[in-house]
Amino acid sequence: MTSSAWDDAVTLLREHDEVALACHVNPDGDALGSMLALGIALRDMGKQVVASWGSEPFEIPAAYEGLPGLDLLVPASQFPASPALLVTFDTGSVDRLGALADRVAAAEHVLVIDHHTTNTCFGTVNVIDRGAAATAAVVVELLDLMHRPLTAEIAAPVYTGLVTDTGSFKYAATTPSVHLLAARLLETGIPHDEISRQIWDTASFGYVKLLGLVCARAVLEADEVGGLGLVWTAIGADDLDRYALALSDVEGVIDVVRMAREAEVAVVLKTDPEDGLLKVSTRSKGAVDVGAVCASLGGGGHRFAAGFTSDAPLSETMDCLRRALAETPHLAT
Ligand code: 5GP
Ligand code: MN
C-alpha cells in the first residue's frame with residue numbers, strides 16, 4: 001500500500017460532511033469496534049454519520065451493549081442507497097457486506113479500512129495494513145494522521161477490537177506496538193476490565209449448557225490434515241433455539257474446541273438460523289494456513305483464523321474441508 005492511500009483516506013474523510021460506515025455481517029468486536037471508533041471521531045468533527053451491517057438480526061451482540069457510539073447505528077434498511085462516501089471496516093471482500101454489498105457500486109467513493117491478508121482492495125481508496133493486529137489499530141493510525149485526539153469514547157471501541165482480534169493479547173499478532181497502543185488506550189481511563197469481562201467471561205447459563213453439549217459431540221480425527229489432526233464440532237439452529245442463543249453468542253466455542261493438543265486444526269460449523277447456511281470457523285496452531293484453505297472454499301480471513309460459508313449439507317461441507325486440509329502444505333514452524 002502506498003502512503004498516498006493514507007493521504008487520500010484523510011482527504012476523503014475531511015472533505016465529506018456525511019459519511020456512511022459499514023462493517024462485515026455478524027460483526028465481531030473488531031468489526032463493530034473499529035467502525036464505532038471512527039464514527040465517534042467523525043461525529044466529533046461535526047459530520048453526519050450512520051453505521052450499519054448487512055445481516056439479520058440487527059441486534060447489538062450482548063458483549064458490546066455497553067460501548068459508546070451505538071446511537072450511530074441504523075438498520076441496513078435505513079442505510080443510504082448511494083452514499084457519497086462509504087467506509088468499510090474489517091471487510092475483506094464485497095460479499096462480506098451481505099445486504100449492504102450493493103452500496104459499493106452505488107457509492108461515489110469507497111474507503112476500505114482493513115487488516116485481512118485476503119483483502120481484495122475493492123475500494124476507490126484502500127487503507128489495508130496486513131500486518132496490523134486489528135482493524136481498530138488501523139483506525140487509530142488514521143486518526144493520528146488526522147491529528148484527532150484519542151478520547152476515552154473512541155478508546156473503548158478500539159480496545160474492544162484490539163482485545164478481540166489478539167485473543168486478549170495472546171495471539172502471534174500481539175507485537176510490541178499492540179501493547180504500546182493498549183497503553184495509550186488505558187491512559188484514557190477506559191474500563192478495560194469491564195470491557196474484557198463482557199467479551200470473554202460473561203454468558204448466559206444457556207451458553208454454559210450448550211458448551212457442554214457441543215464439546216461432548218466434538219470429533220477428533222488424528223489422521224486428517226496430513227496426519228497433524230483435526231478436531232471439529234457442530235452447532236445446529238435447534239441447539240441455538242433450545243438455549244435461546246444467537247449466532248453471535250457462540251463465537252467463543254472455537255476457542256474451547258481448539259484447546260485439544262491432538263489436533264493442529266479446529267473447526268466449528270454453525271447453522272445460521274436466519275438463512276440456514278453453515279458458517280464455518282477454522283483455527284490452526286501455526287503449521288497450516290487455514291486462511292488459504294478457507295479462501296479456496298470461497299471464504300477468507302487470516303493465516304491461523306479463518307472461515308467460510310457453505311450452502312452444502314454438513315457432511316459434504318466437512319468432506320470438502322478435509323480434502324482441502326489434506327492437500328494444504330505444512331508450514332515450517
Ligand atoms: P470467525 O471464525 O471468528 O467467524 O472468523 C475468523 C476470521 O475469518 C475473521 O477474520 C473473519 O472475517 C473470517 N471469516 C469468517 N467467516 C468468513 C466467510 O464466510 N467469508 C470470509 N471471506 N471470511 C470469513
Ligand atoms: Mn479484524
Side-chain angles (χ1 to χ4, degrees), residues 22-38 53-55 61 63-64 88-98 101 112-122 127-140 157-167 171 173-174 178 181 199-200 232-235 246-258 265-272 274-275 277-284 289-312 317 320-321:
C23 68
H24 68 69
V25 292
N26 307 313
D28 60 8
D30 190 34
L32 189 60
S34 58
M35 178 167 77
L36 293 178
L38 190 66
W53 62 83
S55 61
Y64 314 126
T88 70
F89 299 83
D90 207 39
T91 302
S93 51
V94 175
D95 60 296
R96 295 280 290 154
L97 291 172
V112 170
I113 303 177
D114 191 25
H115 71 134
H116 283 89
T117 49
T118 51
N119 192 290
T120 59
C121 297
F122 58 89
V127 172
I128 297 150
D129 182 349
R130 291 181 163 83
T135 300
V138 185
V139 166
V140 173
V158 169
Y159 192 79
T160 299
L162 199 61
V163 102
T164 300
D165 271 25
T166 60
Y171 302 155
T174 311
V178 165
L181 173 56
I199 297 173
W200 305 110
W232 67 275
T233 192
I235 305 172
L247 207 57
S248 59
D249 294 324
V250 298
E251 253 175 52
V253 172
I254 186 83
D255 293 321
V256 179
V257 175
R258 74 191 185 92
V265 175
V267 175
V268 174
L269 304 101
K270 297 163 275 192
T271 304
D272 187 337
E274 295 293 328
D275 57 18
L277 300 177
L278 280 174
K279 305 287 156 77
V280 187
S281 287
T282 68
R283 300 289 186 271
S284 73
D289 182 348
V290 286
V293 169
C294 289
S296 79
L297 298 170
H302 308 285
R303 266 201 319 168
F304 308 136
F308 65 99
T309 304
S310 169
D311 57 7
T317 302
C320 282
L321 182 54

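The model shown is predicted, which means the values in this text are computed figures rather than measured ones. Indexing begins at 1, ligand by ligand and atom by atom, following the structure's order.
Between Lys279 and the options Thr309, Asp272, Thr271, a side-chain hydrogen bond (donor to acceptor under 3.5 Å, both in side chains) holds for only Asp272.
Protein N/O/S atoms closer than 2.8 Å to the Mn ion (ligand 2): Asp30 OD2, Asp90 OD1, His115 NE2, Asp165 OD2.
Panel note: side chain Thr91, backbone His24; a donor-acceptor pair is recorded below 3.5 Å. Side-chain atoms of Ser93 do not come within 3.5 Å of backbone N or O of Thr120 as any donor-acceptor pair. Arg283 places no side-chain N or O within donor-acceptor distance of the main-chain N or O of Ala266, the cut-off being under 3.5 Å.
Annotation for Asp311: atom CG does not count as buried by contact number, only 12 or fewer foreign heavy atoms lying within 6.0 Å.
The aromatic rings of His302 and His116 lie parallel to each other, with less than 30° between the two planes, well short of the 60° mark.
Here Thr164 contributes atom OG1 and Ile199 contributes atom CD1; the two are 4.0 Å apart, rounded to the nearest 0.5 Å.
Listed by chain and residue number, the protein contacts of ligand 1 are Arg96, His116, Ser281, Arg283, Gly299, Gly300, Gly301, His302, Ala305, Ala306, Gly307, Phe308, Thr309 (heavy atom within 4.0 angstrom).
Closest of all the heavy-atom pairs between Leu97 and Cys23 is CD2-O, 3.8 Å.
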### Task
Report the C-alpha distance between Ser310 and Thr317 in whole Å, list the side-chain angles of each, state the deciding distance to 0.1 Å, and finish with yes or no for side-chain hydrogen bond (donor to acceptor under 3.5 Å, both in side chains).
CA-CA 7 Å; Ser310 169; Thr317 302; 2.7 Å; yes
